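So the structure is just underneath, and the comments pick up after that.
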Amino acid sequence: MINKKNLTVYNTLKGIKEEFIPIKEDRVGMYVCGPTVYGEAHLGHARSAITFDIIYRVLRFLGYNVRYVRNFTDVGHLVADADDGDDKVEKKAQAENKEPQEVAQYYEMMYLKSTDALNCLRPNIMPIASGHIIEQIDVVKKLMDKGLAYESEGSVYFDVEKYNKEIKPYGILSHRTLEDTMENSRELSGQQEKKNPFDFALWKKAPKEHIMKWESPWSLGFPGWHLECTAMGRKYLGAEFDIHGGGMDLVFPHHDCEIAQSVGAFGDMPAKYWLHNNMITIEGKKMGKSYNNFITLTEMFNGTHPLLKQAYNPMTIRFFMLMAHYRSTLDFSNDALIAAEKGLARLMEAKAKVSTLKESNESSFDVHKIIDDALMAVCDDFNTPIMIAHLFDLCKHINSVSDGKENITKEDKEYLQQHLNAILDDILGIKDEKNSNDTGVIEGLMNLIMDMRANARNNKDYATSDKIRDALKPLGIEIKDSKEGATWRLV
RNA sequence: GGUCUCUUGACCGAGUGGCUAGGUGCCGGUCUGCAAAACCGUUUACUCCAGUUCGAAUCUGGAAGAGACCUCCA
């Protein structure tokens, strides 16, 4: 069996895969950058949520006591130019004639509804940026005291050059030097307040018409984007925690800025392991809000986007994502989704079949080895596609036993049942969607119909039996005949 | 322009030196009144060029193509 020592993770900070050793034995602190709540969640958000859900589940499965924190960014995240734009949430609020908090809360709820449907476990703490203004101001004060930040026109900026020279190189996470950054910084408007174009805002003075603003020693204003994670991560997980995660697009500048702020203010690297999920692409390009090429989760569930051939249920989407490794880009396509849907259905049927298997004196295959291989795979930097490949291997054996072509002992069957359920339910988070509230009624009706159809078949009245089968098909009920009798299932 | 990554069969997608990944699809077979399902079998691979090696999809060098980051982004 696997244990905690088997877990390896790819650490962006080091650029290698390494053994996972938590700071405190048996306990893990994990902070994941959540969404900016000014729009509906799309497939990209789902990938991040599912990736870290798997990581959370694997850690729990290995016996760790995990505190999982994921924030909602509801303030401080600017549109367009990084430090000189409008607040995204506020802009949306003005457009919709709503309070910023109203917009933020609406999309928070939408996000949770979607991630719940995708069977992502909720984090233990979901802090919001606007609820932690005091903590953020404290970080800015610390940086001012240390001379790593400077005030300009009521705003406060982080002095990247000074930090880079005196404290620690800037850009250690993205593996770039300040020279690279300097050469390639673009000329953006409104930078005359800053010493250097690559300095980033810690506090911004609010324009007159700005709604979201707070008192601070420098101005009536709002915190810079990178600050919230530093303040909230430290508050809920301590000076240094185990895992800091998010999408790959956050590596630079967001996470590098966080590191600089944290090291500058407190002297601590905020996290030991930095994990990043890759992007969802569509027609070869990154799916993103600003590219306007995204498909929202609601559209996926309903099949309402023009690019969708059909609706996809949340488990199909989850399974589709798990069939690729989290550090690879994953291209959206109907064909791939449909393939995932069919594969998943096959897997779930095999799972349901285990309890009905006939027991023998010996097993014709090594259940323990396949289960072990599957578990080892997910411990190797969360390699879910390999784990799933092993599950399909089991699937094949289960079907063969069911067909009488292979054998399984009572002990192996129990072991299989227990571990297959644990893998699907606890680790992969794949639940059977057929169990809805009205199955009781459907079951009663179907028992009756199946009984009548069996009578018809016994009387060789195939016209009636085919009529029943054909009429139920469009309703999503599929009937299959075999030697042992007919079965039905919801498709 | 700078930094980095990728290029696998009809499609998706694993795989850091030798052993069939896996899924979906196609085709054939078993089963079946028919169909479906299931099972078995089969098919199409590693962008190109050169090198290292007994042996490379996997390592090295070069070429071509694609993408990501450098600006908000999961």
Side-chain angles (χ1 to χ4, degrees), chain A residues 15 32-36 38-39 41-52 73 77-83 85 88 171 174-177 179-186 188 198 225 245-254 276-281 284-291 294 319-320 323-325 327-347 349-350 353 377 383-393 395-396 398-400 402-406 457 460 462 465-466 469-470 473 478-483 486-487 489 491:
Chain A
V32 177
C33 288
T36 304
Y38 67 105
H42 58 68
L43 277 177
H45 295 102
R47 186 167 204 198
S48 189
I50 290 168
T51 296
F52 289 98
T73 299
H77 208 159
L78 304 163
V79 171
D81 298 349
D83 303 319
K88 281 189 171 178
S174 56
H175 306 110
R176 62 185 84 190
T177 63
E179 289 71 46
D180 294 338
T181 309
M182 261 190 242
E183 281 170 23
N184 297 301
S185 278
R186 293 187 204 173
L188 298 172
F198 44 77
W225 171 39
M248 260 183 193
D249 48 359
L250 298 180
V251 173
F252 190 89
H254 185 53
H276 296 92
N277 64 280
N278 213 322
M279 302 293 106
I280 295 282
T281 57
K285 297 264 194 295
K286 175 184 166 184
M287 182 180 284
K289 285 232 168 77
S290 39
Y291 298 109
F294 58 89
F319 193 66
F320 165 68
M323 294 226 303
H325 190 253
R327 285 192 290 113
S328 300
T329 55
L330 174 59
D331 200 52
F332 162 86
S333 78
N334 281 283
D335 289 348
L337 259 313
I338 291 166
E341 184 177 72
K342 289 184 179 168
L344 176 60
R346 214 181 120 211
L347 204 52
E349 279 207 50
K353 216 182 273 182
N383 199 323
T384 51
I386 297 285
M387 173 177 248
I388 289 171
H390 290 301
L391 296 188
F392 277 111
D393 195 19
C395 183
K396 205 173 212 172
I398 291 166
N399 287 323
S400 294
S402 176
D403 282 6
K405 290 174 185 161
E406 288 201 55
R457 280 167 54 83
K460 306 254 184 233
Y462 295 120
S465 70
D466 286 359
R469 186 175 62 196
D470 295 345
K473 183 92 190 173
E478 185 177 85
I479 291 178
K480 294 181 284 187
D481 294 313
S482 69
K483 275 184 219 161
T487 58
R489 62 164 193 154
V491 182

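What's counted below: heavy atoms across the whole structure, side chains too, no hydrogens, waters or symmetry copies. Since the structure is predicted, the reported quantities are computational estimates derived from the model, not experimental observations. First the proteins, then the strands, lettered A, B, ... as listed; each starts at 1.
Each of B:rA74, B:rC39, B:rG22 was ranked by its minimum atom distance to the side chain of A:A389; first place goes to B:rG22. Taking every side-chain heavy atom of A:P35 into account, B:rA74 is the closest of B:rA21, B:rA74, B:rU24. Which of B:rA36, B:rA68, B:rC12 sits closest to the side chain of A:A336 comes down to B:rC12. Side-chain atoms of A:P253 lie closest to B:rC70 of the nucleotides B:rA14, B:rC70, B:rA38. Side-chain proximity of A:R457 to the nucleotides B:rC34, B:rG23, B:rA37 is greatest for B:rC34. Of the candidates B:rA74, B:rG23, B:rC69, the closest approach to any side-chain atom of A:F392 belongs to B:rG23. Among the nucleotides B:rG13, B:rA37, B:rC70, the one closest to the side chain of A:F252 is B:rC70. With B:rA74, B:rA36, B:rG23 as the choices, the nucleotide that has an atom nearest any side-chain atom of A:R346 turns out to be B:rG23. Side chain of A:N399, nearest nucleotide from B:rA38, B:rG33, B:rG23: B:rA38. For A:N383, taking side-chain heavy atoms from C-beta onward, the closest of the listed nucleotides B:rA38, B:rG15, B:rG2 is B:rG15.
Straight-line distance from the NE2 atom of A:H42 to the P atom of B:rA74: 6 Å, rounded to whole Å. As a whole-Å value, the separation of A:Y38 OH from B:rA74 C1' is 11 Å. Going from atom CG of A:D470 over to atom C1' of B:rC34 covers 10 Å, rounded to whole Å. In this structure, A:M287 atom CE and B:rA74 atom P are separated by 13 Å, rounded to whole Å.
Atom NZ of A:K289 sits in a crowded spot, with more than 12 heavy atoms from other residues, nucleotides or ligands closer than 6.0 Å.
Heavy atoms of A:G44 sit under 4.0 angstrom from at least one base atom. Note on A:D481: a base of the nucleic acid sits closer than 4.0 angstrom, heavy atoms only. Residue-level contact check: A:L330 touches the backbone only, with heavy atoms under 4.0 Å from sugar-phosphate atoms and none from bases. Within the 4.0 angstrom heavy-atom criterion, no nucleotide atom of any strand lies near A:K460. Here A:M279 lies in heavy-atom contact (under 4.0 Å) with a base. As judged by a 4.0 angstrom heavy-atom cut-off over every strand, A:D393 is placed among residues making no nucleic acid contact. Using a 4.0 Å heavy-atom cutoff across all strands shown, A:I280 reaches at least one base atom of the nucleic acid. Residue contacts shown for A:S328 are limited to sugar-phosphate atoms, with no base heavy atom under 4.0 Å away. Base contact: A:K480 has a heavy atom under 4.0 Å from a base atom. If you check every strand for non-hydrogen atoms under 4.0 Å, A:T384 touches nothing.
Closest of all the heavy-atom pairs between A:D481 and A:A486 is OD1-CB, 3.1 Å.
Comparing the same atom, C1', in B:rA66 and in B:rU71 gives a spacing of 22 Å after rounding to whole Å. Annotation: B:rC49 and B:rG65 have their C1' atoms spaced 15 Å apart (nearest Å). Taking atom C1' on both B:rU30 and B:rA37, the two are 13 Å apart, rounded to the nearest angstrom.
Under 4.0 Å is where a charged nitrogen must lie from a carboxylate oxygen, and between A:K473 and A:D470 no such pair does.
Evaluation of A:Y462 against the base of B:rG33 yields a stacking contact (centre distance < 5.5 Å, interplanar angle < 30°).
Evaluation of atom-type donor-acceptor distances gives a pair under 3.5 Å for the side chain of A:R469 against the base of B:rA35. Interface remark: the A:D331 side chain does not form any donor-acceptor pair with the B:rG67 base, using a distance-only criterion of under 3.5 Å. Between the side chain of A:S290 and the base of B:rC72, a donor-acceptor pair under 3.5 Å is found.
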